[in-house]
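These figures come from a predicted structure and were not determined experimentally.
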Amino acid sequence: MNFKHILSVVKKDLRVESRGKETVNFMFLFTFISLLMFNFATDPFSPVLNDVAPGFLWFVFIFAGMLGLSRAFLKEKETGTLQGLSLAPISNDDILYAKIIYNLILMLGIQIIAFPLFIVLFNYNIAGSTLDAFLVLTIGNVGFVVVGSFMSALVMSARSRELVLQIIVLPLLLPVIILIIISLRKVMIDAIPLLSIGEIKLAASYVVIMAVLASLLFDYIMEE
Amino acid sequence: MTELTPAEVAMFRQIMAVAAILWTLLIIYIGYLDSKVRSLDERLK
Amino acid sequence: MKFQRKQAVILLAVLWAVVLYAMYQVLFSLGPLSEELLRFEGDPMRHGYKIFFFSMQAAAITYIAFAVVLVGSVVYLRTKNLKWDTIASSSAKVGIVFTTILLVNGAIFSNVGWGAYWNWDPRQTTSLFLWFILAAYLSLRTAVDNIETRARLSAVLGIFGFVGVPLTHISSTIWVSNHPQLYNTAQSSGFSLDKSGLTLFMILMTSFLILYIYMLWLTYKIETQNQIYQNILRGEQ
Amino acid sequence: MIQVEKLSKRFNNFTALDGISLHIKQGESFALLGPNGAGKTTLVGILSTLLKPSSGRVLIDSVDIAEEPEEAKRRIGVVSHNPYLYDELTAKENLEFFAELYDSEPDINSLLAQVNLDHRARDMVGTFSRGMKQRLSIARAILHDPSILILDEPTSGLDITSRKAFYSLIKNLKSRGKTILLTTHYLDEARLLCDRGVVLNRGKVVRDIDLQASEALELEDIFEGLG
């Protein structure tokens, strides 16, 4: 765990992304469009919206995240630069952590923009504290990014990798997805303070378990 | 036999019918696997 | 082959009869739920609780199938012996076939007994999630050609998937308990299995296990035979 | 100094390397010759710690690459037909990034000057020609001042002028006492850059050659005989 190495890889990824920006734009536009589409799905003033909106919000992030995720390792694998990283004296885990942090920065960027957008589009007043809702989403995104980055490395050498990636990540994330929805509804509908929601603590512990497992198994993925 | 209302009896018959079909399919599938193994064995010898 | 075709046919016929007989008994001879446990008049739970017999098996078999995938994966990563990878992949294939049968069976029961094909019985839900993870495992295998890479990557996924098993179970139980109007597990396990119920359960469980092990062995055999066959073909070129 | 002891590598049932043993002294330039699929790239893959050997051992400056891969990586620089560079970053940024990974603070400008790319320091590598990318790749490979330089068919696809520029850079590094391991198809390249070499075929060392002494003709026969 060499923070200097992790930071330089993250810095490099962010700089590469800032030049091309195609992933970030792609994810943001997708988020915006799907929020709009979900908006059409329900009459904005109907009571049912209140019940359904948290789910919409969370699903938008999952699918927007899916698009961004596949770039994490695949681009480096295709251009061959990933081998360049393995040549350098940087441990595999640091590469994984760097990709996770990079993806998390992307996801949080999207979240900061999409969250107020969601409130505007759905003119949704959150019963509980907005910060709590934001934190629940963040925990969900962290879990998503950990499993997503790891699996994006795993499918690197598979055929039709973007497809296989989606089929693999979603089932593994079902527990986190369920718990995040329950917590979101508790915060946004029943206005329960974050700390007294059992589900979010469980979701957080799942994420930690997944992260530990990911770093333990990552060497087997990078091994040629 | 416990006292079953006619509706329940009908319901259970339906379940049994479907269950029978399902399990017969599974048994046939296993039989198919079994014969496949035997034929592959011959071919390999 | 250890035992001839005739014995295999008999075994399958016996198992087939036992399973159906046990199911018949569960449905027809077992009594309804005791009155005080019923929540309201005409509560479908009267016999609805019997889904326990199917969903429990579904969950058990799926867990066992996944446990074998886990063992196969871990041992393969340790020893790099492809035999274990074949065991893991065969167990996944058997797991998916078995889980599909049990899920359909459970869904039929809950539709007829409960009026909805899917009543979010946590065990059923967990088996469904695991069905997806097994499907993901198998689809990964089809997407990688190199045998060693395929074995290594699917082993990693197998281990990752197995950790998901308890997580899935807990979260689907929570999901149900958050929706009281759905089938409630607490209430269904409230009843105590009397002697005859327990024996039926055991019969079903053991016959399912035997079926699973037999299928696993067959799938494993076919897979190894195919590999030997490929080697012979490659040898001849 | 590189010591390879009875190194083998098997991919399911194909043996890429079959018990290879080599000893390359410090400062020596060594060539790996042989037809495609002889095991050259596999050997380089193992030496650069990208591939794990099935059996046998490799010592780089007496560091066992299996036990201390990161220590071994600090001692080698690899130039292969893939430059391992980021097209979206400028030449300077690429070198700065790799410098951080190798925990070394080289003088980037003098490095770029050495490979005469200092005039393109601020340009995106995506705009570079293949020859320029290979030269930048050399800069990347030597920025942590490794004692060993591995060149895996570095000049494949380069035109004559960039190849000549590449050779003069390698000669300059040779004079600074770096050990060079070159894998190539071009016999004249081997003779130009290396003192000694071996010919590999089907994962085995088939022949040891003193590249400077033997006549040109004989070399062609050795190579043709393998097929």
Side-chain angles (χ1 to χ4, degrees), chain B, chain C residues 1 3-5 8-9 11-13 15-20 22-24 26-32 44 46-47 50-51 54 93-94 97-98 100-114 207-208 211-212 214-226 228-229 232:
Chain B
M1 285 289 279
T2 56
E3 72 314 320
L4 287 176
T5 63
E8 279 163 355
V9 170
M11 180 170 75
F12 289 165
R13 277 216 193 84
Q14 252 186 343
I15 296 174
M16 274 316 292
V18 174
I21 298 165
L22 276 177
W23 288 99
T24 320
L25 283 176
L26 184 70
I27 299 293
I28 293 169
Y29 175 68
I30 300 177
Y32 156 70
L33 289 182
D34 186 282
S35 54
K36 200 172 167 199
V37 168
R38 291 176 201 284
S39 64
L40 274 172
D41 255 348
E42 263 83 45
R43 229 159 0 133
L44 286 179
K45 282 198 188 64
Chain C
M1 276 285 286
F3 57 104
Q4 278 61 31
R5 178 186 294 276
V9 166
L11 170 72
L12 287 179
L15 282 174
W16 182 78
V18 161
V19 165
L20 287 182
M23 275 192 202
Y24 183 86
V26 162
L27 289 175
F28 288 92
S29 70
L30 268 190
R46 221 165 87 78
H47 282 285
K50 290 179 180 170
I51 188 168
F54 305 113
K93 284 179 200 138
V94 171
V97 167
F98 230 128
T100 314
I101 298 268
L102 290 168
L103 283 176
V104 170
N105 196 345
I108 298 297
F109 186 92
S110 59
N111 169 41
V112 171
W114 183 259
S207 35
F208 286 159
L211 280 173
Y212 165 74
Y214 187 25
M215 273 176 79
L216 179 65
W217 187 68
L218 286 177
T219 323
Y220 174 74
K221 209 74 175 73
I222 291 173
E223 186 61 31
T224 35
Q225 283 167 343
N226 279 340
I228 301 164
Y229 197 63
I232 297 169

*What's the shortest heavy-atom distance between B:V37 and C:Q225, and which atoms?*
O-NE2, 3.4 Å
*Nearest-0.5 Å distance, CG of residue B:L33 to CE of residue C:M215*: 6.0 Å
*asked:* Nearest 0.5 Å, please: how far is CG in C:L211 from CD1 in B:I30?
replied: 4.5 Å
*Would you mind checking which part of C:V19 comes under 4.5 Å of any heavy atom in chain B, side chain (CB onward), backbone (N, CA, C, O), both or neither?*
side chain
_What verdict does the side-chain contact (heavy atoms from CB on, under 4.5 Å) test give for B:D34 and C:Y214, after you've listed the backbone C-alpha separation in whole Å, the side-chain angles of each residue and the deciding distance to 0.1 Å?_
CA-CA 9 Å; B:D34 186 282; C:Y214 187 25; 2.3 Å; yes
*Sequence neighbours left out, what passes side-chain hydrogen bond (donor to acceptor under 3.5 Å, both in side chains) with B:W23? Give chain and number order.*
none
_Spatial distance of atom OG1 (C:T100) from atom CG (B:L26) [nearest 0.5 Å]_ = 10.0 Å
_Residue pair C:K221, B:D41: steps toward the side-chain contact (heavy atoms from CB on, under 4.5 Å) verdict_ = CA-CA 9 Å; C:K221 209 74 175 73; B:D41 255 348; 4.1 Å; yes
*asked:* Would you compute the distance between atom OH of C:Y229 and atom CZ of B:R43 and round it to the nearest 0.5 angstrom?
replied: 4.5 Å
_With rounding to the nearest 0.5 angstrom, report the CE to CG distance, B:M16 to C:L20._
5.0 Å
*Side chain, backbone, both or neither: which part of C:V94 has a non-hydrogen atom closer than 4.5 Å to chain B?*
neither
*Find the distance between CD1 (B:I21) and CD1 (C:I101) and round it off to the nearest 0.5 Å.*
11.5 Å
